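Step one of this worksheet: look at the structure below.
What's counted below: heavy atoms across the whole structure, side chains too, no hydrogens, waters or symmetry copies. Every chain is numbered from 1 and lettered A, B, ... according to where its sequence line falls, protein lines coming before strand lines. Because the structure is a prediction, the values reported are computed rather than measured.
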Protein chains: 2
Amino acid sequence: MSQSQLELRHLKTLLALAECGSVSQAAKRVFLTQSALSHQLKALEDHYGLALFERKTQPLRFTPAGERLLALAREVSGLVAGAERDMARLREGEAGELRIAVECHTCFDWLMPAMDAFRQHWPAVELDIVSGFHADPVGLLLTRRADLAICSEAEPQDGVVYQPLFAYEMVLIMAKDHPLAAKPVWQADDLASETLIHYPVPDVMLDLVRKVLKPAGVNPARRTSELTVAIIQLVASRRGVAAMPFWAVKPYLDRGYIASARIGESGLQSELYAALRQDDALLAYMRDFLHTVREQSFATLPGLSVLT
Amino acid sequence: MSQSQLELRHLKTLLALAECGSVSQAAKRVFLTQSALSHQLKALEDHYGLALFERKTQPLRFTPAGERLLALAREVSGLVAGAERDMARLREGEAGELRIAVECHTCFDWLMPAMDAFRQHWPAVELDIVSGFHADPVGLLLTRRADLAICSEAEPQDGVVYQPLFAYEMVLIMAKDHPLAAKPVWQADDLASETLIHYPVPDVMLDLVRKVLKPAGVNPARRTSELTVAIIQLVASRRGVAAMPFWAVKPYLDRGYIASARIGESGLQSELYAALRQDDALLAYMRDFLHTVREQSFATLPGLSVLT
DNA sequence: TACAATCATGAGGCAATTTCATTATTTTAC
DNA sequence: GTAAAATAATGAAATTGCCTCATGATTGTA
């Protein structure tokens, strides 16, 4: 007989649950254990004397009562977020500068919606993208030519802090009629006789080369292209294979334009971090930007996982 | 360095604080100690790094940051209340019956707004007032001629539970040019040579008679009237004095029509309870009605205090 | 100036929430 | 269809965080 009142914590749990479809996934999203959420949800159901979900199903379904609370959560979370932004502005002022250095091409796909949302919330913050693709985006931070850098590794450096954004899987894409299209998992050797299509960036920025091919001593033919869609087209036209984030190619997979395979037994996991100058790490608009990026990305991109 | 998240509990505290104007009063309203609220508010201020109030003033003033959170509280509390009502309806259904037996004349003043609000929230509940003034309203409950009785004392009785509503002070009112109009505190003896004007109800229902005059053996002349305004008029016309709830006569006092005095050193405190059949005590619409009554009354009537 | 009321603060207790360890259940894969 | 994997439930222990108590500080008032 839990007598605990409804709290915002519960509403946040419900939102995570609705997005993830399972208790254990939602638990990761709110940085608690599965057990904690299970207890929490049971307490909620006891409190209202109503079942909130049907748990015998995957993804789990909300009952009408669960839907009602979820609706409340959606209404309230926006209001709370707005108020907390206002509090932050009251404390630190409206204005600021946020120049973003980007290392990876596909980043733009998820960066744009986040930037749009952020611009609405912080109209007085000067938002900019530092153009060009720099091998050392963190250097731009310290020389104050950028205020935030997106990078795929957190190399410790004085005066710089790294905030995890999210993790995702890189998959190999190939033409649908490729001889190995049915192979669910590719190893480095399978690539030896292929042409690898990638963005025109140094090898250290290509996870497939750095983490898989180089260690195995495999060195396939290469071809580069600037644009994601162009790479997809080349792959579909049997001009080679490419490694891309799953979330970037899912639409093309769904439409059957190309096929995909896992890279290595456990897949090629990639991570994204935001690097900031230590002094800026507590700035409200910085924190809010990072929060917005995560929120927007998880809402938009399929197959992401949390990164601690 | 409290790291605690904003929770609904905090918002409820802010609402109480805004209504009461002081931490200690607000603490009573939310059934916590003054200390608890002081800690809670300090934690909030630490969390946002902003002062929320100026405490060196009475009533305490909200800072802009405090106002912003208060605005959030107002937005959110309505939504939460609505959702919780829906949850209750999902559990117990929409319909029900709520016939109210009223013992005191002035009750109608605060009952009406509460009933109006309730009707909006529970359109399918049949709301009614059991007319006439019964000496034993609780009897109506047990014979199922009423479902809720308003009374000023909680006499234990099998199958009946009492829910406290609120407490208030009865004051003596007199003409402005009454010889004793300047006397701040009246004792029973001061009434010996007065004419007491009251509603036409048995003496046991008149707190002044039962608690003050009878114990002192004082027996003034009497005169009765059904209507509150009529009693006020008679008092103003020097036809006698009357004992009325402070909240009922405050408008007339403010406009200078009449004068008032405290009854006895510590004042004549009156209390109001709702009596319910035990079986009905957990019904959602009953609980919500009681909540609405308290909420509306505290928001509308001056000088109420909480009753546990 | 003293008194009353209100607020702040630190320590201690207690209850609510989380984690841990385990079992039960469901889904997936072969 | 069964085995394995993933997911959820459960109870006990541990932690955290909240509240109360006791007291001191501050403000307003007679």
Side-chain angles (χ1 to χ4, degrees), chain A residues 1-14 16-47 51-63 66 182 184-185 262 265-267 303 305-306 308, chain B residues 1-14 16-47 51-63 66 184-185 265-267 303 305-306 308:
Chain A
M1 292 296 105
S2 174
Q3 204 51 27
S4 76
Q5 267 269 314
L6 181 72
E7 290 291 356
L8 291 181
R9 157 171 36 99
H10 299 120
L11 299 183
K12 292 192 174 122
T13 296
L14 289 178
L17 202 55
E19 283 183 24
C20 297
S22 95
V23 177
S24 32
Q25 290 305 106
K28 293 195 185 108
R29 203 68 86 78
V30 296
F31 300 103
L32 290 175
T33 59
Q34 170 268 322
S35 178
L37 252 60
S38 185
H39 282 296
Q40 194 179 104
L41 294 171
K42 181 162 169 32
L44 258 191
E45 295 189 316
D46 285 355
H47 178 245
L52 300 177
F53 334 88
E54 303 168 19
R55 6 277 275 236
K56 314 289 173 192
T57 172
Q58 190 70 356
L60 94 174
R61 249 204 319 273
F62 284 68
T63 64
V185 178
R262 167 161 287 186
E265 276 314 327
S266 53
S305 53
V306 293
T308 49
Chain B
M1 290 299 104
S2 174
Q3 205 51 26
S4 76
Q5 269 265 315
L6 180 72
E7 291 291 358
L8 291 180
R9 155 172 38 98
H10 298 121
L11 299 183
K12 294 194 174 120
T13 297
L14 290 178
L17 202 54
E19 281 182 27
C20 297
S22 95
V23 177
S24 32
Q25 290 305 108
K28 292 195 186 107
R29 201 68 85 79
V30 296
F31 300 104
L32 291 175
T33 60
Q34 170 268 323
S35 177
L37 252 60
S38 185
H39 282 293
Q40 192 177 106
L41 294 170
K42 179 160 171 32
L44 257 192
E45 294 188 317
D46 285 356
H47 177 245
L52 300 177
F53 335 87
E54 302 168 20
R55 11 274 276 229
K56 316 287 173 190
T57 170
Q58 191 69 356
L60 94 173
R61 249 205 319 273
F62 283 68
T63 63
V185 177
E265 275 316 326
S266 52
S305 51
V306 293
T308 49

Original post:
Are any of the side-chain nitrogens in A:Lys28 or A:Glu19 under 4.0 Å away from the carboxylate oxygens of its partner?
Top reply: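 Salt bridge: no.
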**OP:** Please report the C-alpha distance between A:Gln5 and B:Lys12 in whole Å, then the side-chain angles of each, then the deciding distance to 0.1 Å, and finally whether the side chain to side chain donor-acceptor pair (under 3.5 Å) criterion is met.
**Re:** CA-CA 12 Å; A:Gln5 267 269 314; B:Lys12 294 194 174 120; 2.5 Å; yes
Atom [atom1] of [X] and atom [atom2] of [N]: how far apart are they, to the nearest Å?
X       : N      : atom1 : atom2 : answer
B:Lys42 : D:dC18 : NZ    : C1'   : 15 Å
B:Leu37 : D:dG17 : CG    : P     : 19 Å
A:Gln5  : D:dC18 : CD    : P     : 15 Å
A:Glu54 : D:dT7  : CD    : C1'   : 17 Å
B:Leu17 : C:dA8  : CG    : P     : 10 Å
A:Arg9  : C:dA16 : CZ    : C1'   : 8 Å
B:Lys56 : C:dA5  : NZ    : P     : 20 Å

Original post:
More 5' along DNA chain C: A:Thr57 or A:Glu7, using each one's nearest nucleotide?
Top reply: A:Glu7
**OP:** Apply side-chain contact (heavy atoms from CB on, under 4.5 Å) to B:Leu17 and B:Phe53, showing your working.
**Re:** CA-CA 10 Å; B:Leu17 202 54; B:Phe53 335 87; 3.4 Å; yes
Original post:
How would you label the contact of A:Ser38 with the nucleic acid (heavy atoms, under 4.0 Å): base, sugar-phosphate, or nothing?
Top reply: base
**OP:** Would you please test B:Ser38 and B:Lys42 for side-chain contact (heavy atoms from CB on, under 4.5 Å) and show each step?
**Re:** CA-CA 6 Å; B:Ser38 185; B:Lys42 179 160 171 32; 5.7 Å; no
**OP:** Output the single nucleotide from C:dT6, C:dT26, D:dT26 whose closest atom is nearest the side chain of B:Ser22.
**Re:** C:dT6
Original post:
From D:dT7, D:dG11, D:dA9, pick the nucleotide closest to the side chain of A:Arg55?
Top reply: D:dA9
Original post:
CZ of B:Arg61 to CG of B:Leu52: how many Å apart, nearest 0.5 Å?
Top reply: 14.5 Å
Original post:
Sub-3.5 Å donor-acceptor pair from the side chain of A:His10 to the main-chain atoms of A:Glu7, do we have one?
Top reply: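 Here the side-chain-to-backbone pair exists.
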Original post:
Hey, does the side chain of B:Ser22 reach the backbone of B:Gln25 with a donor-acceptor pair shorter than 3.5 angstrom?
Top reply: yes
Original post:
Hey, is the side chain of B:Ser24 poking within less than 4.0 Å of OP1 or OP2 on C:dC7, counting only N and O atoms?
Top reply: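 So the side-chain polar atoms of B:Ser24 do come within 4.0 Å of the phosphate oxygens OP1 or OP2 of C:dC7, strictly under.
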Original post:
Distance check: side-chain N/O of B:Gln40 vs OP1/OP2 of D:dC19, anything under 4.0 Å?
Top reply: yes
**OP:** Check the geometry between A:His39 and C:dT17 and answer yes if their rings are stacked (centres below 5.5 Å, planes below 30°), otherwise no.
**Re:**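 Stacking between A:His39 and C:dT17: absent.
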Original post:
Going by heavy atoms closer than 4.0 Å, what residues in residues 25-35 of chain B are next to DNA chain D?
Top reply: B:Leu32, B:Thr33, B:Ser35
